[in-house]
Amino acid sequence: MLRLPTGSVGGGEPGSLVGVKNAVVAAVAYTVLIKGGAMGVVVPIVLFLALAALVLVAPRAGTFRARRRSRGLAQELATVHGFESRPDVTLGRLPLAGPPFHYGTARTLSDQVSGAVDDLTVTVAGYSCRENGATHGYGLVLVSLPGPSARIEVRHEPAFHSTLVAEPVPGGRVHTGVVPFDARYEVYASDPHRMGTKLSATESETLLAAPEPFSWRVHGRDVLLWRSGGWPSADGLLGCVRATVSVLRPDRDGTATGGAERTLP
């Protein structure tokens, strides 16, 4: 008798729909090639229908996992780091000019919490939208600076694009000269030749050493961090926030970390 595996199959997570789907495919092949006969016709049909159902359900399963991660992150931030629930934070509060807000319908925030990190107000939320029948999930972090900062955007992952959705690519591409950083991130500035809009080697290395790769950009006094699928842990998220703040926020003597003053008057 053929046993359907319960663990990882073909790269799927243990017990995941990917593993089950691969097991169903194996069962179909086994039945057709080995068993034959009348059951070799009926059983594959049943298994094909089951496989089709799994294919339809799989995208929703990914959404459920993203929502579970978002809830877990909010709970960890609340219980361990003193964040408070902020259901009043809506999309209207966020700087929406740019990814991941450039596409999709049914845009939704979830699990909004807010707290203080190095004396700055930090708001964390899950974000999802629908595109071409699929749900896309992101983790968002909004950091409020004490003053406006020069516009700069750092991308770890390409913004979503398709045949119907154009990829928003800002002008002013900047190369830091730090080869590992430039290979991993893309930097854009409002004026790439102006002092204060470039990243120094020290700042690039600070971002490169963050716990997780992520994307971020500045809108006046707001800094938006985003990451497809969200952050796996509160400590990782807070480490990314501190890395970004160390680049943007001036020290007490008025000099930005890494050299050039970045905060505008």
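The figures that follow rest on heavy atoms only: side chains count, while hydrogens, waters and symmetry mates do not. Values in this document were obtained by computation on a predicted structure and should not be read as measured data.
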Student: For residues E131 and V165, report the shortest heavy-atom separation together with the two atoms involved.
Tutor: OE2-CG2, 3.5 Å
Student: Before giving the answer on side chain to side chain contact (heavy atoms under 4.5 Å, CB included), spell out for W231 and C240 the whole-Å C-alpha distance, their side-chain angles and the decisive distance to 0.1 Å.
Tutor: CA-CA 10 Å; W231 276 264; C240 293; 3.4 Å; yes
Student: Would you say CZ of R93 has more than 12 non-hydrogen atoms from neighbouring residues, nucleotides or ligands within 6.0 angstrom?
Tutor: no
Student: Please step through side chain to side chain contact (heavy atoms under 4.5 Å, CB included) for the pair Y188 and I152, ending with a clear verdict.
Tutor: CA-CA 6 Å; Y188 303 90; I152 185 172; over 6 Å; no
Student: Could you check whether any side-chain N or O of R221 sits under 3.5 Å from a backbone N or O of S149, counting only pairs where one atom can act as donor and the other as acceptor?
Tutor: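 No, because the side chain of R221 does not come within donor-acceptor range (under 3.5 Å) of the backbone of S149.
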Student: Using the rule given for side chain to side chain contact (heavy atoms under 4.5 Å, CB included), can you reason through L91 versus F101, listing the C-alpha separation, both sets of side-chain angles and the distance that settles it, and then say yes or no?
Tutor: CA-CA 10 Å; L91 284 171; F101 309 112; 4.3 Å; yes
Student: Evaluate the side-chain proximity of V245 to L120: yes if any heavy-atom separation is below 4.5 Å, no if none is.
Tutor: yes
Student: Hey, any chance V80 and L73 share a hydrophobic cluster, counting ILVMFWY side chains that come within less than 4.5 Å of each other, even indirectly?
Tutor: no
Student: So, H136 and Y103: side-chain donor and acceptor under 3.5 Å apart, yes or no?
Tutor: yes
Student: Could you grab the distance from atom CG of D111 to atom CZ of R68, nearest 0.5 Å is fine?
Tutor: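 Here the interatomic distance stands at 12.5 Å.
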Student: So, H102 side chain and F160 main chain: donor-acceptor pair closer than 3.5 Å or not?
Tutor: yes
Student: Report yes or no: does R227 contribute a side-chain atom to a donor-acceptor pair with the main-chain N or O of P213 at less than 3.5 Å?
Tutor: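 It does hold such a pair.
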Student: Identify the two heavy atoms, one from S85 and one from V113, that lie closest to each other, and give their separation to 0.1 Å.
Tutor: CA-CG1, 4.1 Å
Student: Between R86 and E84, is the closest basic N to carboxylate O distance under 4.0 Å?
Tutor: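 No, no charged N to carboxylate O under 4.0 Å.
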Student: Judged by modelled atom types alone, do R130 and T135 share a side-chain donor-acceptor pair under 3.5 Å?
Tutor: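 T135 and R130 do have a side-chain donor-acceptor pair below 3.5 Å.
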Student: State yes or no: are the ring centers of Y185 and H156 separated by less than 6.0 Å?
Tutor: yes
Student: Is there a side-chain contact between D222 and V143 (heavy atoms, below 4.5 Å)?
Tutor: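 SC-SC contact between D222 and V143 ruled out.
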Student: Could you report the tightest heavy-atom contact between P170 and R155, atom names first, then the distance?
Tutor: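 Minimum heavy-atom separation between P170 and R155: CD-NH2, 3.3 Å.
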Student: Taking E157 for its side chain and S228 for its backbone only, find out whether a donor-acceptor pair lies under 3.5 Å.
Tutor: yes
Student: Measure the spacing between SG of C129 and OH of Y138 and express it to the nearest 0.5 Å.
Tutor: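 C129 SG to Y138 OH: 6.0 Å, rounded to 0.5 Å.
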Student: Restricting to non-hydrogen atoms, name the atom on T123 and the atom on S114 that form the minimum distance, rounded to 0.1 Å.
Tutor: OG1-OG, 3.4 Å
Student: Could you give me the CA-CA distance, side-chain angles and deciding distance for V187 and F181, then say whether side chain to side chain contact (heavy atoms under 4.5 Å, CB included) is met?
Tutor: CA-CA 10 Å; V187 181; F181 183 86; 3.5 Å; yes
Student: Just how far is it from atom CD of E203 to atom OG1 of T244, taken to the nearest 0.5 Å?
Tutor: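 Those atoms lie 11.5 Å apart.
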Student: For the residue pair W216 and L207, establish whether any side-chain heavy-atom pair is separated by less than 4.5 Å.
Tutor: yes
Student: Got a second to check how far T121's OG1 is from L142's CG, nearest 0.5 Å?
Tutor: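 The distance works out to 9.5 Å.
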Student: Ignoring hydrogens, what is the shortest heavy-atom contact between V122 and V241? Give both atom names and the distance.
Tutor: CG2-CG1, 4.2 Å
Student: Donor-acceptor pair, distance only, cut-off 3.5 Å: does the side chain of R217 make one with the backbone of P99?
Tutor: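 Flag set: sc R217 to bb P99 pair under 3.5 Å.
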Student: Quick check: closest heavy atoms across W226 and P100, and the distance to 0.1 Å?
Tutor: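 Reported closest heavy-atom pair: CG-CD, 3.9 Å.
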Student: In a check of salt bridge (Lys or Arg N to Asp or Glu O under 4.0 Å) between R242 and each of D235, D119, D118, which one passes?
Tutor: D118
Student: Among all residues two or more places apart in sequence or in another chain, which pass the side-chain hydrogen bond (donor to acceptor under 3.5 Å, both in side chains) test with T176?
Tutor: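 With neighbours one apart ignored, the set is D182.
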Student: Under a 3.5 Å distance rule, please check whether H161 uses its side chain to pair with a backbone N or O of A159 as donor and acceptor.
Tutor: yes
Student: If you measure from CZ on R71 to CD on E76, what distance do you get to the nearest 0.5 Å?
Tutor: 15.0 Å
Student: Looking at OG of S233 and CZ of R69, how far apart are the two atoms once the value is rounded to the nearest 0.5 Å?
Tutor: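 Separation between the atoms: 9.0 Å.
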